[in-house]
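Here's the structure we're looking at; comments come further down.
Here is the naming used below: chain letters follow the sequence lines, and residue numbers restart at 1 for every chain.
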Amino acid sequence: MKVIYRDNEVREGSFEEAWVKEAFWHTTAHVLAQAVKRLYPDTKCAIGPAIEQGFYYDFEFLFPFGEEHLKAVEAEMKKIVKESLSLGAYEVSREEAVLYMQERKEDYKLELIERLPVGETISFYRQGEYAEFCAGPHISNTRHIKAFQLLSVAGAYWRGDENNKMLTRIYGISFPKASALEEFLKLREEIKLRDHRKLGKDLGIFMIAKQGPGFPIFLPKGMILKNILLDYWREVHAREGYMEISTPIMLERTLWETSGHWEHYRENMYTTQIDDLDFVVKPMSCPGGMLVYQSQPRSYRELPMRLGELGIVHRHEKSGQLHGLMRVRAFMQDDAHIFMTEEQMIPEIQNVAKLIDEVYSKFGFQYHVELSTRPKHSIGSDEEWEEATNALKNAMDAIGVSYEINEGDGAFYGPKLDFHLKDSIGRTWQCGTIQLDFQLPRRFEAEYTDASGMRRRPIMIHRVLFGSIERFIGILLEHYAGKLPLWLSPVQVKILSLAERFNGYAREVAGELSHMGIRCEMDDRSEKIGFKIREAQLDKVPYMVIVGQKELDAHEVTVRKRDGENLGSMGVEQFVNCLKQELL
RNA sequence: GCCGAUAUAGCACAGUAGGUAGUGCACUUCACUCGUAAUGAAGGGGUCAUCGGUUCGAAUCCGAUUAUCGGCUCCA
C-alpha cells in the first residue's frame, strides 16, 4: 500500500504497520467527510483523526443527526471507495487556504488555519471533488478501503472544551480486507461479554438499583469478594506498619473550609444540615485522618505515622458519567495518610511504590507510572510545589521506576504519582496514587516536637493502592473475564451429586470442605450431571466435585476443573491439599 | 451536565398500518435418579419505566420526567 506525504513523497508499507494503519484510517475519515458533504452540503467539518482503533470525524450538522443516518452515509462512502479516487497533496498560501474555507463556510477549519504559524504554506489533500486542509499522510487511493463500518454517533465538544459548542462525532473503523473487519467486530462482541456490568449481574456480585443511581449494592457473592480484598489489604498494611482508623461519613462544614475542599471541591460534595449546622458528606477521608493526628501532641518518635482507612466517600458525579462499578457516587477508598518528617519523605514514597508493585503483581497486573504536576486551581507556593514534585521524582529515580509527566493534573493540594494498571486485554486504569501534600498540615497547623524540642510541621502523603474497591472489583472482573482465581472466587468448589440418594454424602463432603476453610456450595437438585456441570461452568466456579456411587464406596470425590480438565478421584483431604497448594 | 440512542416477565428478546401482550431460558409442581456443558410435561409470573396528552380505544402516536447504553467533559 502506498502512503503519500504532504511533499508528495511516497512510501510503501503494509497495513499491519502502525504508520500505514494511521494513514489508512485517517483517509477513511476523509472519505467519511466527503460522503457527508455530498449528502448534506451545509454540514461544517471540524476534525477527523485516526485513533487507536479506527477513526472519527466531528461535524456540525444543521439537523439532528442520529444513528438512522449512518446507513446513508455508509452507502455514499461505498460509492466513493468504488470511484477509486486517488489522493494527492498540494501546498497553498495561507490566504488561499482562508479564502477556500471562507467560501465554503468551514468555520472550524478557519479556526484551525488561524492557529497555524504565520508565513508557512498550508498543505491540502484532494480526492475527487473533495479537498481538505491536512498535514497527512494519506493512502494513495480510496479503493483500498475495502471494508469499513461506522460504529456510533456521539457528542463531542469542539476542541474538547465543555464551554464550546457540542459537535456530532461519528466513529468508524476500516480495513483493507473484509475478514479483518469481521474479526474486529467479533473481538468487540467478546469485550462486551467480559463487561463487568454483565458479569457482575450474572455472577451475583453487585447490582445498581434504580433508586440509587451510582450507588452500587453488593450482593452476597460480591461481599465475599470485597471482604477477601479487604482482608488482603489489612494483612499487608499491618505488616507494613500501618494503623487502621475509621472516621465519620459526615463532618461539619468548617472542617472542609479549613481543608480547602469547600472552596475547591464543592460542586462534588453532598451536604446536609444537623441542628442548623452545615455538614458535608466526605468526598475524601483526609480531614478525618487529620483530626486523628491532631487528637494529641505528636513527637518525632511517632513518625512516620501511617494511618490507614477503608473509608466510604461520596462524590456527586454528573449523571452522564456513571458507569457500572467504574464510576460511582459512593465508593470505598483504601486510603492512608502518612505523616512524616522531611527526611522520611523519600523513603516513605518508595515504600508505598513498592507496596503498590507487590499488590498489583499479586493480580498479574502490569502498570506504568505518571507524575502529575500543579493544576490551575491549586493552593500553596511555587517553591513548595517544586520541592514536592522533585521529591516524587527523586524517589522514583532512586529505585529505578520510570514515569511520564502529566502536566497540570495534580490534586489541588499537591503533585502526585499515578499508577495506571494494564488489564489482560490491554486497557489501562488509573488506580493507585501517591500524593504529596505540604498544604493540609499547614492549614490544620499540624505539628510534632523534634529531638531538640522544636515544634515542626509534618509533611503528609495521601495514597491509595486499589483506588476504589468498587472500581478495582470491576477491573478484576473484566481482567479475569469473570474467571476469578481460586483465592478470590466467592464459591471455590461446587459439589454436584449424581443422584438424590448421594445427597447425604454430598452434604458430608461439603461439611468437611467448609471445616477446612474452603468456600463451597452444593447442587443437590434432581438434575442430570451434565446439566449441573453446565451451570457450575457458567457460574465460573473454579472446581467442581462430583459424588456418586463410586465416590461414596471409596469415600472420595471426583474433581473437575473450570477449564474442563478432569483430575480424577481422590480423598477429600488430598483435594483440599491441592487447593491449599494453589492458594499459596 | 452535554450530544445521540434505548426502556416490554428474573435474564435475552419478538410484538409498525393504534383494537387491552408473546417466545426461549430461569422459577414452581410432577415424573425421571441419571457419570462430565441443557430429561420431559404441566403451571405461575408483566398497571409494556413513570406522569401527562391525542383517541371510542395507546406497549404502539405526542410531550415531560427518570434510569440505562455509546461518547464528550470530568474522575478513584
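Looking at heavy-atom distances under 4.0 Å, A:Glu551 makes contact with a base. Across all strands, A:Phe531 comes closer than 4.0 Å only to sugar-phosphate atoms, never to a base (heavy-atom distances). Counting non-hydrogen atoms under 4.0 angstrom, A:Phe502 reaches nothing in the nucleic acid. Nucleic acid contact for A:Val313: none, since no nucleic acid atom lies under 4.0 Å from a heavy atom of the residue. At a threshold of 4.0 angstrom between heavy atoms, the contacts of A:Arg327 include nucleobase atoms, whether or not backbone atoms are also involved. If you check every strand for non-hydrogen atoms under 4.0 Å, A:Lys201 touches sugar and phosphate atoms only. Residue A:Ile546 is in base contact, counting any heavy-atom pair closer than 4.0 Å across all strands shown. Nucleic acid contact class of A:Glu470 (heavy atoms, under 4.0 Å, all strands): none. Note on A:Gly66: only backbone sugar-phosphate atoms sit closer than 4.0 angstrom, heavy atoms only; bases stay farther off. Heavy atoms of A:Arg525 sit under 4.0 angstrom from primed sugar atoms or phosphate atoms, though from no base atom. Across all strands shown, A:Glu500 has heavy atoms under 4.0 Å from base atoms, whether or not it also approaches the sugar-phosphate. In this structure, A:Gly530 reaches the sugar-phosphate backbone alone: every heavy-atom distance under 4.0 Å involves primed, P, OP1 or OP2 atoms, never a base. Counting any heavy atom pair closer than 4.0 Å across all strands shown, A:Ser152 reaches sugar-phosphate atoms only and no base atom. Residue A:Arg463 is classed as having no contact, given no heavy-atom separation below 4.0 Å to the nucleic acid.
No salt bridge links A:Arg507 with A:Glu512; every basic N to acidic carboxylate O contact stays at or beyond 4.0 Å.
B:G71 and B:G24 are spaced 33 Å apart, taking the C1' atom of each and rounding to whole Å. Comparing the C1' positions of B:U8 and B:G15 gives an interatomic distance of 9 Å, to the nearest angstrom. Nucleotides B:U33 and B:U23, compared at atom P, are 30 Å apart to the nearest Å. For the P atom pair drawn from B:C27 and B:G63, the interatomic distance equals 42 Å after rounding to whole Å. Look at the P atom in both B:A26 and B:A12: the space between them is 15 Å, to the nearest Å. Using P as the reference atom, B:C3 and B:A59 are 30 Å apart when rounded to the nearest Å. For B:G18 and B:U73, the C1' atoms lie 42 Å apart once the distance is rounded to whole Å. Here the separation of B:U60 from B:U16, taken at their C1' atoms, is 8 Å to the nearest Å.
At a cut-off of 3.5 Å, with distance as the only test, a side-chain donor of A:Thr558 or A:Ser569 sits close to an acceptor on the other residue. Using modelled atom types and a 3.5 Å distance limit, the side chains of A:Trp256 and A:Glu263 yield no donor-acceptor pair. Looking at A:Lys282 and A:Thr247, their side chains do bring a donor and an acceptor atom within 3.5 Å of each other.
Pair assignment for B:C27 gives B:G43, based on Watson-Crick or G-U wobble hydrogen-bonding distances that are each under 3.5 Å. As the counterpart of B:C61, B:G53 is assigned, both hydrogen-bonding distances of the Watson-Crick or G-U wobble pattern falling under 3.5 Å. Under the Watson-Crick and G-U wobble criteria, each requiring two contacts below 3.5 Å, nucleotide B:U66 is paired to B:A7. Pair assignment for B:C72 gives B:G1, based on Watson-Crick or G-U wobble hydrogen-bonding distances that are each under 3.5 Å. Remark: B:C34 base-pairs with no nucleotide in the shown strands. Criterion, Watson-Crick or G-U wobble with two distances under 3.5 Å.
Between chain A and RNA chain B, the heavy-atom contact criterion of under 4.0 Å yields a 5' to 3' nucleotide range of B:G1 to B:A76.
Nearest-nucleotide positions on RNA chain B place A:Ala209 closer to the 5' end than the other of A:Val153 and A:Ala209. Nearest-nucleotide positions on RNA chain B for A:Thr168 and A:Gly432 put A:Thr168 closer to the 5' end.
At most 12 heavy atoms of other shown residues, nucleotides or ligands fall within 6.0 angstrom of atom NZ in A:Lys165. Other residues, nucleotides and ligands contribute at most 12 non-hydrogen atoms within 6.0 Å of the CD atom of A:Glu22.
Between A:Phe175 and the choices A:Phe148, A:Phe55, A:Phe184, the ring pair (Phe, Tyr, Trp, His ring centres under 6.0 Å) rule is met once, by A:Phe184.
No side-chain heavy atom of A:Lys422 sits under 4.5 Å from any side-chain heavy atom of A:Phe365.
Under the 30°/60° scheme for interplanar angles, the aromatic rings of A:Phe61 and A:Tyr40 are found to stand perpendicular.
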